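This one's a predicted model, so the numbers in the text were calculated from it and none came from an experiment. As a basis for the values below, the full set of heavy atoms in this structure was taken, side chains included, without hydrogen atoms, waters or symmetry mates. Every number for a ligand or one of its atoms is a count from 1 in the order of the listing.
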Amino acid sequence: MLTSNSLKIVDNELLIGNVSTSELAKNFKTPLYVFDEEGIRKNCRAYVNSIKENYDGNGLVAYASKAFSCFAIYQIAKEEGLGIDVVSGGELYTAHRINFPMDKVFFHGNNKTKEELELAVKYRVGTIVVDNLTELKMLIRLIEKANKNGEKIKQRIMLRIKPGVDAHTHNFIRTGQIDSKFGFAVETNEATEAVNEALKYDCLDLVGIHCHIGSQIFDCNPFVVTAEIMMNFIADHPKANLRELNLGGGFGIKYKSDDKPIEYDQYMKKIATKIKEVAHERNIPCPKIIIEPGRSIIGSEGITLYTVGSKKVIPNVRTYIAVDGGMGDNPRYALYGAEYEFLCANKAGEPKTETVTIAGRYCESGDLLGENVKLQNVEPGDILAVLSTGAYNYSMASNYNRIPRPAVVLVNNGTVKEIIERETYEDIISKDVIL
Ligand code: LLP
């Protein structure tokens with residue numbers, strides 16, 4: 001089962017963006033992350049169009065770059081007219097270095113450091129999404145200091161609100177989910193206090209509110225309920241003139257054949273209807289909407305290629321297939337038990353006759369990429385493809401065991417570009433200091 005339209009099987013070989021995966025493995029070595037540019041751009045456009053069609057274009061798609069951050073993806077986002085969400089000084093710096101338009105940057109984080117806030121103000125980040133009162137005060141202090149030194153900064157901010165919707169349960173629940181490290185709770189009045197506090201300062205422009213209810217969500221209803229709660233919050237605070245509503249990300253993608261992602265269009269249609277309905281009922285203007293998809297822009301447009309090493313058949317127990325990567329380039333199975341589709345890239349047309357466990361090469365028993373996986377009969381030297389690894393894989397990769405991180409290539413209808421080079425052993429030791 002292929003998880004993206006970017007993938008095809010031709011002559012027993014897996015192609016991505018019309019490029020042979022065996023050729024990629026040969027030319028760039030493995031492990032290798034491969035992304036399809038056309039697929040990424042199509043996803044960007046689908047979101048942009050869904051706002052155009054359902055909400056008169058009164059919105060912005062901000063790619064949540066924690067899913068995968070590098071120059072190339074910021075360039076694509078910029079060309080497609082997207083904004084971005086950054087969550088650290090590192091992501092912000094990357095965006096700055098590639099000249100991403102700072103007015104379209106949303107800076108998130110539940111514990112931004114003073115240095116990060118200073119950097120954000122220095123770069124004139126469009127919107128800082130304030131998480132707590134300590135941060136609010138720190139931000140005010142540093143802007144007032146800059147303004148005393150001749151600057152004229154009026155910083156756009158949003159407040160991160162906990163809408164109290166837990167979308168991760170089977171039937172999502174709408175409770176006072178105040179037990180989260182992110183944002184201001186509505187129930188405790190904390191959110192209202194934050195609004196009142198922010199309004200006192202001329203150096204701040206409180207434009208709206210933000211929330212994010214979770215990730216890999218397949219059901220539209222939690223998003224609709226959240227939009228309703230957020231709209232009512234806006235209506236309950238008329239003096240604040242909250243005119244932008246950032247609803248976060250979280251839309252699910254196809255990892256396994258039975259995953260059924262929501263059509264972006266459906267999502268936006270339902271959200272827009274609810275927002276217009278509440279705006280009418282409460283007699284407030286429709287706010288500008290911001291959405292922050294991460295996984296669903298990039299996730300299914302990326303795959304990882306590995307070379308199969310040893311195969312260990314343990315009679316009556318299981319068969320291990322070991323590959324040349326693992327939890328260092330994809331910690332998601334070890335961390336979350338995340339499941340993927342696997343296939344032998346150079347035998348992709350053959351039936352999956354074996355049930356195997358895919359082991360990584362890291363020195364840890366839990367370093368697995370999948371268990372009870374259906375796979376073609378693979379031999380050492382074959383290329384294994386893991387599908388839908390575009391989101392939160394490279395971005396969560398590590399140098400555990402001092403193994404260099406893989407390269408990343410971008411394919412597009414037969415062409416290939418390397419967008420992140422493979423790390424070298426020299427990179428690994430580059431920060432070591434000799435005693
Ligand atoms: N906006 C905010 C404020 C977020 O915290 C996130 C994700 C997003 C947007 C994007 O959500 P997405 O559309 O990608 O679901 N490491 C985990 C995922 C953590 C998501 C954290 N926040 C994983 O590998 O599944």
Side-chain angles (χ1 to χ4, degrees), residues 33 40 43-44 46-47 50 60-69 73 77 82-88 91-92 104-112 127-132 135 157-163 165-168 177 180-184 208-220 222-223 226 230 244-256 259 261-262 264 267-268 271 289-302 304 327-340 369 386 388-398:
Y33 300 98
I40 297 170
N43 290 339
C44 294
Y47 276 118
S50 75
L60 180 72
V61 182
Y63 163 63
S65 67
K66 68 208 77 180
F68 177 52
S69 165
I73 188 67
L82 270 59
I84 52 168
D85 138 4
V86 298
V87 76
S88 68
E91 289 179 358
L92 175 59
K104 286 184 170 176
V105 176
F106 292 78
F107 186 28
H108 289 277
N110 70 306
N111 195 21
K112 303 175 190 76
T127 314
I128 298 181
V129 181
V130 175
D131 177 273
N132 57 75
E135 179 187 328
I157 64 162
M158 287 190 159
L159 297 177
R160 173 143 185 180
I161 304 290
K162 298 182 210 188
V165 172
D166 185 353
H168 285 123
Q177 200 222 356
S180 159
K181 71 170 185 171
F182 294 105
F184 299 97
I209 50 175
H210 167 273
C211 65
H212 171 76
I213 57 170
S215 205
Q216 187 58 3
I217 301 167
F218 289 123
D219 181 1
C220 267
F223 291 113
T226 302
M230 297 294 278
E244 295 187 21
L245 174 56
N246 185 331
L247 292 167
F251 323 111
I253 63 161
K254 208 175 191 57
Y255 282 105
K256 299 289 294 170
D259 287 339
I262 317 170
Y264 311 136
Y267 161 80
M268 192 44 70
I271 293 294
I289 300 182
I290 294 101
I291 53 166
E292 296 174 333
R295 192 191 310 271
S296 52
I297 295 275
I298 200 93
S300 4
E301 310 314 325
T304 312
M327 66 190 297
D329 59 80
N330 182 356
R332 297 190 69 258
Y333 186 77
L335 267 177
Y336 317 121
E339 292 186 292
Y340 293 95
L369 292 175
V386 186
S388 293
T389 57
Y392 303 107
N393 285 47
Y394 189 86
S395 62
M396 296 207 299
S398 77

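Under the side-chain contact (heavy atoms from CB on, under 4.5 Å) criterion, Ala397 pairs with Tyr33, Arg405, not counting sequence neighbours.
Screening Glu135, Arg160, His108 for a side chain to side chain contact (heavy atoms under 4.5 Å, CB included) with Val130, the sole residue that qualifies is Glu135.
Aromatic pair Phe251/Tyr264: centroids not less than 6.0 angstrom apart.
For the atom pair CD1 of Ile253 and OG of Ser388, the computed distance is 4.5 Å after rounding to the nearest 0.5 Å.
Between Tyr394 and Phe68, the ring-plane angle classifies as perpendicular under the 30° and 60° cut-offs.
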Ligand-protein N/O pairs under 3.5 Å (ligand 1):
unit_1   : atom_1 : unit_2 : atom_2 : d
ligand 1 : 1 (N)  : Asp85  : OD2    : 3.3
ligand 1 : 1 (N)  : Glu292 : OE1    : 2.8
ligand 1 : 5 (O)  : Lys66  : NZ     : 3.3
ligand 1 : 13 (O) : Gly250 : N      : 2.9
ligand 1 : 13 (O) : Gly294 : N      : 2.9
ligand 1 : 14 (O) : Arg295 : N      : 2.8
ligand 1 : 14 (O) : Tyr392 : OH     : 2.6
ligand 1 : 15 (O) : Ser215 : OG     : 2.3
ligand 1 : 15 (O) : Gly250 : N      : 3.3
ligand 1 : 16 (N) : Tyr336 : OH     : 2.9
ligand 1 : 24 (O) : Arg332 : NE     : 2.6
ligand 1 : 25 (O) : Arg295 : NH1    : 3.2
ligand 1 : 25 (O) : Arg295 : NH2    : 2.9
ligand 1 : 25 (O) : Arg332 : NE     : 3.4
ligand 1 : 25 (O) : Arg332 : NH2    : 2.9

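Between Asp85 and Lys66 there is a salt bridge, since a side-chain N of the basic residue sits under 4.0 Å from a carboxylate O of the acidic one.
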